[in-house]
Amino acid sequence: MIVVLKSNVPEEKKEQLTEWLKEMGLGVHVSNGSYHTVLGLIGDTSRLDMDLIASLDIVESVKRVSETFKCCSRMFHPEDTEIRIGDAKIGNGSFVLIAGPCSVETEEQIVETARAVKASGAHLLRGGAFKPRTSPYDFQGLHEKGIELLKTARKETGLPIVTEIMSRADLPLFEDIDVLQVGARNMQNFDLLKELGHFGKPVLLKRGLANTLKELLMSAEYILANGNGNVILCERGIRTFSDYLRNTLDLSAVPMLHELTHLPVVVDPSHATGISRMVPPMALAAAACGADGIMVEVHNDPLHAKCDGAQSLRPEEFDALAKKIRAVREAIK
Ligand code: PEP
Ligand code: MN
């Protein structure tokens, strides 16, 4: 249930109402917007008298929310969430370009790639230190050493870093990471999601290979309900009947998620297509349909990449794409 308060309600009255609702055994999430305060009630609201609450002089309206995600819901938080990461902002009209290799391999590789993508206008650097690989015999990432190399690249370029966390046991290594990525395969690792709620750092949550938008939002809900509102959703393609492409990029997820939630939505055309020449057209389409950011794999030497070389852009290809993305953003303003 969602309770929208009238504007300019004194704090004291808001607190009285919140306390009373808590005494009824409900969790209360307070969202302070610029016009209205919205209370999201969590728990069994079946015994609550909606009419009684609606009759209170400080209450504008009461709505039952059929959706099971509450904190993520646009109904609960009508304004877009904007997340700050260093100097970058994402959401509420601000757009970010996230670029970098699939995995961190060497200092030369990550620093050279970071310098190149920064020069092309990237706002954040990506790179995996812990890699979720289908085969246990494939390169699994440099782990702690990879995290250190990402920090070196951040120091060299000033770009904040995005890197994947696979297990909550690794969290101590992520204290100084700017954005923690939860990969498609871990989207429903609920213990990890809860822990990231407490950890508090921005999270980039990727849609699972075969997950619905509702399931994606329920996973985000785990993070928000545990105290962390800084969640970025990522559409990265889903399993369908695609034969020539790695996945099917569900771009309609972008405007639908924007209707359902206030959280920013980014698109990853690299994992969606698996083929570098397919990445620019899909990245432009993502920008055109209103994505709040695009995450692209870029490698300084894709032919020798340890992971996902076939879908990685060369720095000069990324440079050309970044210019076109800016033009599309300008065109849809
Ligand atoms: C990645 O971004 O490196 C990755 C492994 O992506 P996904 O989880 O979407 O497959
Ligand atoms: Mn990859």
Side-chain angles (χ1 to χ4, degrees), residues 96-105 109-110 113-114 117 122 124-136 138-143 146-147 149-150 161-167 170 174 177-189 192-193 196 202-211 213 215-216 219-220 231-240 242 245-251 253-254 265-276 278-279 282-283 286 291 293-314 318:
V96 293
L97 270 178
I98 308 170
C102 180
S103 56
V104 182
E105 297 165 10
Q109 172 242 17
I110 191 69
T113 308
V117 299
L124 288 104
L125 173 69
R126 65 148 285 148
F130 291 85
K131 294 304 306 174
R133 303 304 301 274
T134 301
S135 165
D138 285 342
F139 177 57
Q140 304 285 312
L142 296 180
H143 296 182
I147 300 274
L149 293 180
L150 280 167
I161 46 188
V162 183
T163 193
E164 179 163 350
I165 174 126
M166 285 170 54
S167 159
D170 297 326
F174 287 71
I177 295 300
D178 302 289
V179 180
L180 279 66
Q181 174 174 321
V182 176
R185 289 153 192 84
N186 262 316
M187 189 201 88
Q188 289 188 313
N189 181 341
L192 177 63
L193 300 176
L196 292 175
V203 175
L204 180 94
L205 178 64
K206 297 188 104 180
R207 181 178 180 183
L209 273 68
N211 285 110
L213 297 184
E215 286 163 346
L216 172 63
S219 288
V231 176
I232 302 161
L233 304 172
C234 179
E235 164 58 42
R236 47 76 73 207
I238 47 172
R239 281 269 163 90
T240 62
S242 58
L245 293 146
R246 188 167 173 185
N247 288 292
T248 298
L249 181 55
D250 178 11
L251 280 182
V254 176
V265 182
V266 313
V267 171
D268 168 355
S270 306
H271 292 89
T273 62
I275 305 168
S276 66
M278 299 291 140
V279 171
M282 297 322 290
I294 290 169
M295 179 155 90
V296 178
E297 285 189 346
V298 180
H299 196 289
N300 62 336
D301 182 9
L303 283 180
H304 295 99
K306 288 196 166 156
C307 184
D308 286 349
Q311 68 194 31
S312 299
L313 298 185
R314 295 169 195 281
F318 176 70

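For clarity, every value in this text was computed on a predicted model and none was experimentally measured. Just so you know, ligand 1 is whichever comes first in the structure, and atom 1 is the first atom listed for that ligand.
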Check: Atoms of ligand 1 less than 4.0 Å from R185 heavy atoms?
Finding: 7 (P), 8 (O), 10 (O)

Check: Once rounded to 10°, what is the value of the angle centred on the Mn ion (ligand 2) between C102 SG and H271 NE2?
Finding: 160°

Item checked: Minimum heavy-atom distance between G128 and T163, given as atom pair plus value -> CA-OG1, 3.8 Å

Margin query: Which atom name would you report as the N, O or S atom of E297 nearest the Mn ion (ligand 2)?
Written below: OE2

Checklist line | atom 8 (O) of ligand 1: nearest protein contact (heavy atom, Å) | finding: A184 N, 2.7 Å

Margin query: Quick check: do K306 and K131 have side-chain heavy atoms less than 4.5 Å from each other?
Written below: no

Item checked: Close side-chain approach of L216 to M187, heavy-atom, < 4.5 Å -> yes

Notebook entry, point to check: Between the side chains of E105 and H304, is a donor N or O closer than 3.5 angstrom to an acceptor N or O?
Noted result: no

Note to self: Please list, in number order, the atoms of ligand 1 under 4.0 Å from a heavy atom of K131.
What the structure shows: 1 (C), 3 (O), 5 (C)

Check: Of the protein's non-hydrogen atoms, which lies at the shortest distance from atom 4 (C) of ligand 1, and what is that distance?
Finding: H271 NE2, 3.5 Å

Next item on the list: Give yes or no for whether the N/O distance cutoff of 3.5 Å, strictly under, is met between Q181 and ligand 1.
Entry: yes

Check: Among protein heavy atoms, which lies nearest atom 5 (C) of ligand 1, and at what distance?
Finding: E164 OE1, 3.7 Å

Check: To which protein heavy atom is atom 6 (O) of ligand 1 closest, and what is the distance rounded to 0.1 Å?
Finding: K206 NZ, 2.9 Å

Next item on the list: Mind listing the closest non-hydrogen atom pair of A220 and L205 along with its distance?
Entry: N-CD2, 3.5 Å

Next item on the list: Count the heavy atoms belonging to other residues, nucleotides or ligands that lie under 6.0 Å from CZ of R239, then report whether that count exceeds 12.
Entry: no

Next item on the list: Report, in ascending order of atom number, the atoms of ligand 1 lying under 4.0 Å from any heavy atom of G183.
Entry: 8 (O)

Next item on the list: Any atoms of ligand 1 less than 4.0 Å from a non-hydrogen atom of R236? List them with their elements.
Entry: 7 (P), 9 (O), 10 (O)

Margin query: I'd like to know whether ligand 1 has R207 as a neighbour, heavy-atom separation below 4.0 Å.
Written below: no

Check: What is the name of the N/O/S atom in D308 that sits closest to the Mn ion (ligand 2)?
Finding: OD2

Check: Would you say the side chain of P101 lies within less than 4.5 Å of the side chain of I110, judging by non-hydrogen atoms?
Finding: yes

Next item on the list: Please name the residue in the list R236, E297, R246 that meets the side-chain hydrogen bond (donor to acceptor under 3.5 Å, both in side chains) test with H271.
Entry: E297

Next item on the list: May I ask you to check whether D268 has an N/O atom sitting below 3.5 Å from an N/O atom of ligand 1?
Entry: no

Item checked: Student check: side-chain heavy atoms of V182 and V203 closer than 4.5 Å -> yes

